[in-house]
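In what follows, a structure is listed as structure tokens, so that the remarks can point back to it.
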Amino acid sequence: MRVRFAPSPTGALHIGGARTALYNWLVARHGGGTLVLRIEDTDRERSTPENVEQILDALRWLELDWGEGPVLQSERAQRHAEVLERLLADGHAYRSSATAEDVKAFKARHGAQRGFRGEPEAEGAVRLRVPEEGATVVRDLVRGETRFAHEHLDDPVIARADASVLYNFAVAVDDLDAGITHVIRGEDHLSNTPKQLLVLEALGARQPQYAHLPLLHGPDGKKLSKRHGAASVQELRDAGFLPEAVRNYLALLGWGDADDETIIPTEELVRRFDVARVSRNPARFELDKLRWMNGRYMRELAVDDLAARLEAHTGRESLGPIAAIAQEKIQTLADFWPLAGPLVDGPVDDAAARERWLREEGREALAAAREALAELEGFSVESIDAALRRVVESRAAKPKQVFQPLRVAIAGTTVSPGIFESLAVLGREEALARIDGALAGAPA
RNA sequence: GCCGCUAUCGUCUAGGGGACUAGGACGCCGCCCUCUCACGGCGGAAACCGGGGUUCGAAUCCCCGUAGCGGUACCA
């Protein structure tokens, strides 16, 4: 079994492309096949080395590896020219100078649903000859059979007048030469498939199996675009998502099996994935479920692993201890710093929080807490917990009347990791210094 | 316009003639837990696009309509 992922390097790899890559990868892994990476760069305008690198970068981040390639379509021009000559020589293709206007005129005469047929000429673009009768049937693993009657099909242009070949021709030849057995790609290619099949047939080649995946839409049901944010793999990474969570989420966007499980580790996906079970209707890409799922994966990470990823994401060092106390409170790597950063960089300045929790009553509670912490033997989470709860009791206060002023004193704001844990991580000296700062009314 | 594809809770989906009082997950709402924010637990609201068939029986099969999407380039 040989599958391929063949993006055109027109910019960052989008979610839809990433899912196509993932499905191909899963099929290859599941079936013990090979994934071939091909870059469709025959559009010289948009295909830059930077764009190619972006795609490779995205695939590496997703940890989707490939067995062969990347092969550049542009480097196969020689082979394309040979095959084109062959089709021209044996009459499967012909040169025609017919323009788009000519095609229109043809349809005006013969009816809009009649496919264009040209006359062979000495010069012009190369068109593939489509049979008059019959139909080309696409047998698709997810959609079943789709019939394209030949009379509706235009003779497709497969090469420009300068002999450079066009997409539908190059794809067919490349898939053939690469020995691709399963073509798994977006549904936007379904209508292209008969053209490619006709090329294959003209060459007397065997057809690969096809599987056309439903397209992905944005939350508004429209085609996914930059407007939707986080539409590219890079944006997902920057937003603090984990590649394993993205894989899990993407796998479930357009595929599901009888099992109700939602959290499915990659190895499990490899075991269970079956392209025949891919859904036929387009799916919307929504961040909510990904965020939730990402949180699940974050919580399952070993603290060392989580800390390493947080360090890479924030560019900070030695985050282990805070990572441990923030782990269950964040859904993405990006959520971490706003929550725990103040423990490292010092309290933030939140006037509303000071106003609410550091007035007379709050300061008294804070002073009492300071005293208890200063006298404490040891400075562990447990001892801090016990000491502060004694303070609460002795003041006949509600817990939050003591804990919130403390939180505002050490973090500057009303949201932070657990108060005992936070204090323990800071250490007695730093904790007391921050409390003193707050009591002194210093802006921190 | 033409050629195609698709149609189950707001979203992702399970369902492939009777097991459907239509299941799960996210989100939403309520309650519990609780030092904030979360996590977690419990409960709730929420869907078969419409109309015709076929059948003893239809979310499941067929047709029509409607809607959405794709293709219709000497783009990929």
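Quick note on labels: first sequence line is chain A, next is B, and so on, each numbered from 1.
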Hits for ring pair (Phe, Tyr, Trp, His ring centres under 6.0 Å) against W255(A), two or more places apart or cross-chain, chain-then-number order -> F273(A)
Can you give each donor-acceptor pair under 3.5 Å made by side-chain atoms of residues 187-200 of chain A, sequence neighbours left out, with the distance rounded to 0.1 Å?
{"unit_1": "H189(A)", "atom_1": "ND1", "unit_2": "Y167(A)", "atom_2": "OH", "d": "3.2"}
{"unit_1": "H189(A)", "atom_1": "ND1", "unit_2": "N192(A)", "atom_2": "ND2", "d": "3.3"}
{"unit_1": "T193(A)", "atom_1": "OG1", "unit_2": "R185(A)", "atom_2": "NH1", "d": "3.2"}
{"unit_1": "T193(A)", "atom_1": "OG1", "unit_2": "H189(A)", "atom_2": "O", "d": "2.9"}
{"unit_1": "T193(A)", "atom_1": "OG1", "unit_2": "L190(A)", "atom_2": "O", "d": "3.2"}
{"unit_1": "T193(A)", "atom_1": "OG1", "unit_2": "H212(A)", "atom_2": "NE2", "d": "3.2"}
{"unit_1": "Q196(A)", "atom_1": "OE1", "unit_2": "R185(A)", "atom_2": "NH2", "d": "2.6"}

When all nucleic acid strands are considered with a 4.0 Å heavy-atom cut-off, which category describes R143(A): base, sugar-phosphate, or nothing? sugar-phosphate
Hey, can you pull the residues of residues 320-337 of chain A with a non-hydrogen atom under 4.0 angstrom from RNA chain B? E328(A), K329(A)
Considering every strand and a 4.0 Å limit on heavy-atom distances, what is the contact class for G254(A): base, sugar-phosphate, or nothing? sugar-phosphate
Heavy-atom contacts, protein to nucleotides 61-73 of chain B, under 4.0 Å, summarised as B (base), S (sugar-phosphate only) or - (none) per nt, yield --------SBS--
Residues two or more places apart in sequence or in another chain: which of them pass side-chain hydrogen bond (donor to acceptor under 3.5 Å, both in side chains) with R247(A)? E63(A), T266(A)
Listed partners of D335(A) passing side chain to side chain contact (heavy atoms under 4.5 Å, CB included), at least two apart: R291(A), I330(A), Q331(A), T332(A)
Give the nucleotide from the list G4(B), A25(B), C35(B) with an atom nearest to the side chain of E421(A). C35(B)
Please identify each residue that fulfils side-chain hydrogen bond (donor to acceptor under 3.5 Å, both in side chains) with E393(A), with sequence neighbours left out. none
What pairs of nitrogen or oxygen atoms, one from the protein and one from nucleotides 41-46 of chain B, lie under 3.5 Å apart?
none

What nucleic acid atoms does T414(A) come within less than 4.0 Å of, heavy atoms only: base, sugar-phosphate, or nothing? base
Under 4.0 Å between any heavy atoms, over every strand shown, what does P417(A) touch: base, sugar-phosphate, or nothing? Just pick one. base
Could you work out which one of C37(B), C5(B), G40(B) sits closest to the side chain of R296(A)? G40(B)
Residues two or more places apart in sequence or in another chain: which of them pass side-chain hydrogen bond (donor to acceptor under 3.5 Å, both in side chains) with R359(A)? E355(A)
Return the set of residues passing side-chain hydrogen bond (donor to acceptor under 3.5 Å, both in side chains) with R284(A) (not counting sequence neighbours), or none when no residue passes. none
Using whole Å, report how far CZ of R407(A) lies from C1' of C35(B). 5 Å
Applying side chain to side chain contact (heavy atoms under 4.5 Å, CB included), name anything that partners S383(A), two or more places apart in sequence or on another chain. L376(A), S380(A)
Would you list the pairs meeting salt bridge (charged side-chain N to carboxylate O under 4.0 Å, His left out) in which at least one residue belongs to residues 144-158 of chain A, sequence neighbours left out? K107(A)-D154(A), R117(A)-D155(A), R139(A)-E145(A)
Quick one: label R277(A) by what it contacts on the DNA or RNA (base, sugar-phosphate, nothing), any heavy atom closer than 4.0 Å. sugar-phosphate
Within the structure shown, what part of the strands sits under 4.0 Å from Y249(A) by heavy-atom distance: base, sugar-phosphate, or nothing? nothing
Does OP1 or OP2 of G40(B) have a side-chain N or O of R299(A) closer than 4.0 Å? yes
